[in-house]
Amino acid sequence: GEGDPKNQQIFRGSPDERIEGEGDPKNQQIFRGSPDERNLDGKRIALWPSHGAFMRPDSVWHWQRARMWGIVEDLYTTHYAEAVTRMLESAGAEVLWPRPRLGVDSAATEIGESGLERWMEAARYWLQKQHYPTWIWDTWRYQPRAEDPDHYKDDLRCHGNWVNYLNDSVCHLDMALALHSDGLDLPGDSTLMGTLCLYTDWNDRKETQLSDGRSRMECRYLGDYVQTQVVEDMRRTMCPNWPRRELRQANYCETRVPDIPVVILEILSHKSRADMEYGLDPKAQFIISRAIYKGVLRYLTEGQGIVQPLPVRAVRVEQDEDCWKLSWQATEDQLEPTAVPERYTVQIRENEGEWRDTTVYAESMNLSIKADVQYDFRIEAINAGGRSFPSEIVSAYRPNDSAYAQVLIVNAFREVRGPRWFIDSTYAGIVPGSYPVADSVDYAYLGEQMEFRKNAQWVDDDNCGYGMCYSDYLGQAVIGNTHDYPVQHGRVLRKMKIGYVSCSTDCDADSVRIEQYPIVDYVAGRDTVMANGEWQTAIRRYVERGGRLLASGAYIGDKNIVAARKACTNGKVRQDGEVYRFDIKPNEKRMCAENATAFKPYQGGRITARYTDTNLGACIEWEDRAIVWGIPLESIEAFEKIYRQAIQSLIEDNK
């Protein structure tokens with residue numbers, strides 16, 4: 001809340017029993033009910049990402065860590081903190097931050113004193129703005145020995161002070177967790193550092209007990225749960241030799257000051273190239289975040305907690321004559337036998353309206369599709385442990401003059417991934433021009449690597465040697481995989497009064513029965529493979545039997561038609577005498593093409609668009625049955641115009 005920092009949302013049980021009060025700021029949205037011991041109902045957790053920009057004594061704003069591998073720790077750990085927070089909240093916990101949360105606190109994107117958005121600044125500035133007592137964030141004034149103002153130290157100290165203030169004066173906290181990345185590296189460019197956990201079993205008064213009488217060894221127990229879960233899950237999924245570093249007793253104010261169980265989790269080393277090959281991969285970020293949530297769940301429920309489900313897969317809207325149906329499949333969690341859905345929430349949106357929820361106990365539902373209304377759908381899986389992240393979005397539309405869908409939109413852009421890497425005897429790092437595909441949006445990307453020499457030495461954080469990167473993307477929200485491409489394409493089809501349905505390539509290709517649709521729109525985006533073999537076979541057979549295909553993607557094609565990779569560097573393509581721009585680098589407006597595939601005509605194909613700098617084929621058509629673009633259509637500024645022209649051409653040819 002704004003103003004008095006006691007204006008915090010306090011949850012004391014089931015959110016079904018809500019009392020809203022005014023006056024005493026402690027009496028804000030208090031929930032009184034019976035906590036479910038299988039999840040985190042009624043638990044309150046203080047959590048924060050590691051650092052933030054701070055002002056040095058010379059009045060220069062600075063990061064607390066070095067810029068490396070396209071990130072800086074001050075922003076990078078927000079990825080994990082946001083994901084863990086969403087999971088904990090889904091399990092029923094209330095999670096409190098000493099900094100604004102991005103996409104949650106409206107003030108997060110305000111410009112602060114540093115000239116950066118407020119979520120990027122150190123916590124001490126947010127606590128000051130929120131009018132917390134001065135002793136929490138202006139700590140130098142309250143030290144027993146004389147000390148000059150130091151915002152760096154203020155930020156390190158303010159977290160523990162804030163925790164104790166909340167716990168003593170606002171609401172009981174069950175635990176606290178600081179998420180960091182470590183700056184350690186060892187000789188050998190390929191050495192993995194792994195996960196470290198830090199705790200302190202005494203406080204500033206050398207006491208070894210918490211004020212509630214428990215031993216401060218509770219901090220070690222908490223750390224053991226969380227660190228063990230992260231290491232085991234990484235080993236069982238992505239990296240069989242992911243190292244477990246120490247569960248270390250250490251003297252840090254973030255772990256020494258709080259009067260509740262608290263640990264610092266050093267997730268990995270941001271200085272290690274080997275660690276960051278995983279650390280820049282959104283799949284690993286999700287696995288680690290989910291492991292942290294599970295470790296907290298097991299600590300607070302003494303191992304009895306039920307784990308919330310994974311997001312569902314194979315989502316599709318289909319049409320069988322005049323019947324419309326939405327279906328999906330539960331995703332089995334190979335690591336967690338309790339993470340089984342009990343029911344689902346289907347979220348439905350009409351046109352550009354608000355989402356509304358419907359509870360469903362099966363893995364499908366029949367739909368009543370009104371004419372001239374675009375419907376978007378996404379699904380959350382639910383059990384006693386909480387709810388999953390939402391699925392991708394599928395979409396459908398029926399025009400007034402037809403009961404049937406003419407277009408099947410196939411979302412083949414399934415991938416989230418890190419950048420590509422290289423290594424030789426002298427140089428190593430991220431392949432230039434290779435960018436991560438974030439899950440939705442990346443707010444922490446800084447820029448490309450600039451120092452590739454493995455022997456380049458660290459001098460200071462501004463000249464950190466091997467791995468150092470640019471920061472030209474600071475403050476930009478970089479678009480990744482937004483998982484909503486049927487919606488984007490569907491909005492154009494709706495304007496054209498063309499009915500459509502959509503599905504994911506997670507679905508079984510044969511069961512989709514694509515032959516019943518006159519046109520298939522195959523959206524490959526930045527996926528590095530066209531699709532699994534089943535879908536490739538189905539698409540090829542569909543075209544051979546007279547179906548009309550529009551396909552687009554940065555890595556699309558097969559060995560017969562690919563002439564070159566990186567076929568364009570200036571982001572311009574010419575079609576029918578007009579030049580269109582497309583994005584080849586990350587940006588905050590649309591998908592980045594990253595790669596451009598070139599085509600050569602064969603078996604009756606003809607080039608209908610060319611890259612302006614190489615004159616290679618950007619788009620090729622075959623016998624008026626297939627149109628294939630070598631870049632994502634979503635990366636083109638004039639997406640709607642290009643897409644409309646392609647669909648209209650296929651419709652006219654079909655007549």
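None of these values were measured; they are calculated from a predicted model.
- Put simply, the side chain of L156 reaches to within 4.5 Å of the side chain of Y152, judged on heavy atoms.
- Distance alone, capped at 3.5 Å, is enough to place a donor-acceptor pair between the D275 side chain and the G194 backbone.
- Counted by atom type alone, T228 and R244 present one or more donor-acceptor pairs between their side chains at under 3.5 Å.
- Ring centers of Y132 and W126: at least 6.0 Å apart, outside the cut-off.
- Donor-acceptor pairing under 3.5 Å is lacking for the side chains of D182 and S269.
- A cation-pi arrangement is present between R101 and W97, with the terminal nitrogen or guanidinium carbon under 6.0 Å from the aromatic centre and inside a 45° cone about the axis.
- Using modelled atom types and a 3.5 Å distance limit, the side chains of H483 and D439 yield a donor-acceptor pair.
- Not one N or O on the side chain of S471 forms a donor-acceptor pair closer than 3.5 Å with the backbone of L446.
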Could you walk me through whether H51 and R65 pass side chain to side chain contact (heavy atoms under 4.5 Å, CB included), step by step?
CA-CA 8 Å; H51 303 291; R65 295 294 180 263; 3.5 Å; yes
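- Judged by distance alone, the side chain of E380 and the main-chain N or O of Y344 form no donor-acceptor pair under 3.5 Å.
- For R387 and E89, the salt-bridge test fails: no basic side-chain N is under 4.0 Å from an acidic carboxylate O.
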Check the pair R118 / D105 against salt bridge (Lys or Arg N to Asp or Glu O under 4.0 Å), numbers first and verdict last.
CA-CA 10 Å; R118 289 200 178 276; D105 296 314; over 6 Å; no
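- Scanning all heavy atoms of the two residues, the minimum distance from L280 to P419 falls at CB-CD, 3.8 Å.
- Side chains of Y299 and E218: a donor-acceptor N/O pair is present below 3.5 angstrom, by distance only.
- The closest side-chain heavy-atom distance from D150 to D154 is not below 4.5 Å.
- Using a distance-only test at 3.5 Å, with no hydrogens or angles considered, a donor-acceptor pair links the side chain of K283 to the main chain of V416.
- A donor and an acceptor atom, one from each side chain of R273 and S190, are located under 3.5 Å apart.
- Side chain of S90 to main chain of R86: no donor-acceptor pair is present (N/O by atom type, distance under 3.5 Å, no hydrogens or angles).
- With rounding to the nearest 0.5 angstrom, the CG atom of L96 is 8.0 Å from the CZ atom of R44.
- Counting only distance, with no hydrogens or angles, the side chain of Q227 and the backbone of R245 share a donor-acceptor pair below 3.5 Å.
- In summary, the side chains of T109 and W119 do not present any donor paired with an acceptor at a separation below 3.5 Å, with no hydrogens or angles considered.
- Side-chain atoms of S50 and E73 include a donor-acceptor pair closer than 3.5 Å.
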List the steps and the verdict of side chain to side chain contact (heavy atoms under 4.5 Å, CB included) for Q64 and F54.
CA-CA 7 Å; Q64 297 194 15; F54 73 101; 3.3 Å; yes
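- Closest approach of D41 and G92 over heavy atoms only: OD1-CA, 3.3 Å.
- For the atom pair H180 NE2 and E266 CD, the distance stands at 6.0 Å (nearest 0.5 Å).
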Could you walk me through whether Y293 and Q229 satisfy the side chain to side chain contact (heavy atoms under 4.5 Å, CB included) test, starting with their C-alpha distance in whole Å, then the side-chain angles of each, then the deciding distance to 0.1 Å, before giving a yes or no?
CA-CA 9 Å; Y293 141 71; Q229 195 72 61; over 6 Å; no
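- Of the possible donor and acceptor atoms, one in the side chain of D259 sits under 3.5 Å from a partner among the backbone N and O of S211.
- Between Y125 and H151, the distance separating the two ring centers is shorter than 6.0 angstrom.
- Residues T139 and R157 bring a donor and an acceptor atom of their side chains to less than 3.5 Å of each other.
- Under the ring pair (Phe, Tyr, Trp, His ring centres under 6.0 Å) criterion, Y76 pairs with Y80, not counting sequence neighbours.
- Across all their heavy atoms, L335 and P337 have their closest contact at O-CD, 3.8 Å.
- The closest side-chain donor-acceptor pair between R235 and N241, if any, does not fall under 3.5 angstrom.
- Between the side chains of S114 and E121, at least one donor-acceptor pair of N or O atoms lies under 3.5 Å.
- Counting heavy atoms from C-beta on, the side chains of M87 and R290 come closer than 4.5 Å.
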Check the pair L192, C239 against side chain to side chain contact (heavy atoms under 4.5 Å, CB included), reporting the backbone distance first and the verdict last.
CA-CA 10 Å; L192 283 166; C239 181; 3.7 Å; yes
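- Between W69 and W421, the ring-plane angle classifies as tilted under the 30° and 60° cut-offs.
- Residue R378 comes nearest to P390 through the heavy atom pair CD-CB, 4.1 Å, listed as atom of the first residue, atom of the second, then distance.
- Atom CG of residue L88 and atom CD1 of residue I292 lie 9.5 Å apart, to the nearest 0.5 angstrom.
- Between M120 and W63, the closest side-chain pair of non-hydrogen atoms falls below 4.5 Å.
- Annotation: the span from L268 atom CG to I288 atom CD1 amounts to 5.5 Å, rounded to 0.5 Å.
- Note that CZ of F389 is 7.5 Å distant from CD of Q308, once rounded to the nearest 0.5 Å.
- Counting heavy atoms from C-beta on, the side chains of I306 and N39 never come closer than 4.5 Å.
- Interatomic distance, SG of C158 versus OH of Y165, reported as 14.5 Å (0.5 Å rounding).
- A 4.5 Å side-chain heavy-atom check between L196 and L184 finds every atom pair outside the cut-off.
- Of all heavy-atom pairs between D462 and D460, the closest is N-OD1, 2.9 Å.
- Inspection of the Q249 and D201 side chains reveals an N or O donor paired with an N or O acceptor under 3.5 Å.
- Side-chain N/O atoms of T77 and S181 include no donor and acceptor closer than 3.5 Å.
- Contact annotation: the side chain of N251 approaches that of W202 to within less than 4.5 Å [non-hydrogen atoms, C-beta and beyond].
- There is no side-chain donor-acceptor pair under 3.5 Å between Q285 and D281.
- In this model, a donor atom of one side chain and an acceptor atom of the other lie less than 3.5 Å apart for W48 and E254.
- Q209 contributes no side-chain N or O that, together with a main-chain N or O of S215, makes up a donor-acceptor pair within less than 3.5 Å.
- Using a 4.5 Å cut-off on side-chain heavy atoms (C-beta onward), V257 and N203 make no contact.
- In plain terms, the two heavy atoms of G305 and T338 that are nearest each other are O-OG1, 4.4 Å.
- Defined by atom type and a distance below 3.5 Å, a donor-acceptor pair is missing between the side-chain atoms of D442 and Q476.
- Neither side chain, Y225 nor R298, offers a donor N or O lying under 3.5 Å from an acceptor on the other.
- Side chain to side chain, E448 and Y435 meet the donor-acceptor criterion of an N or O pair below 3.5 Å.
- Between the side chains of D138 and T134, no donor-acceptor pair of N or O atoms lies under 3.5 Å.
- Between the side chain of D174 and the backbone N or O of I45, no donor-acceptor pair lies under 3.5 Å.
- The backbone N or O of P586 lies less than 3.5 Å from a partner atom in the side chain of Y473, making a donor-acceptor pair.
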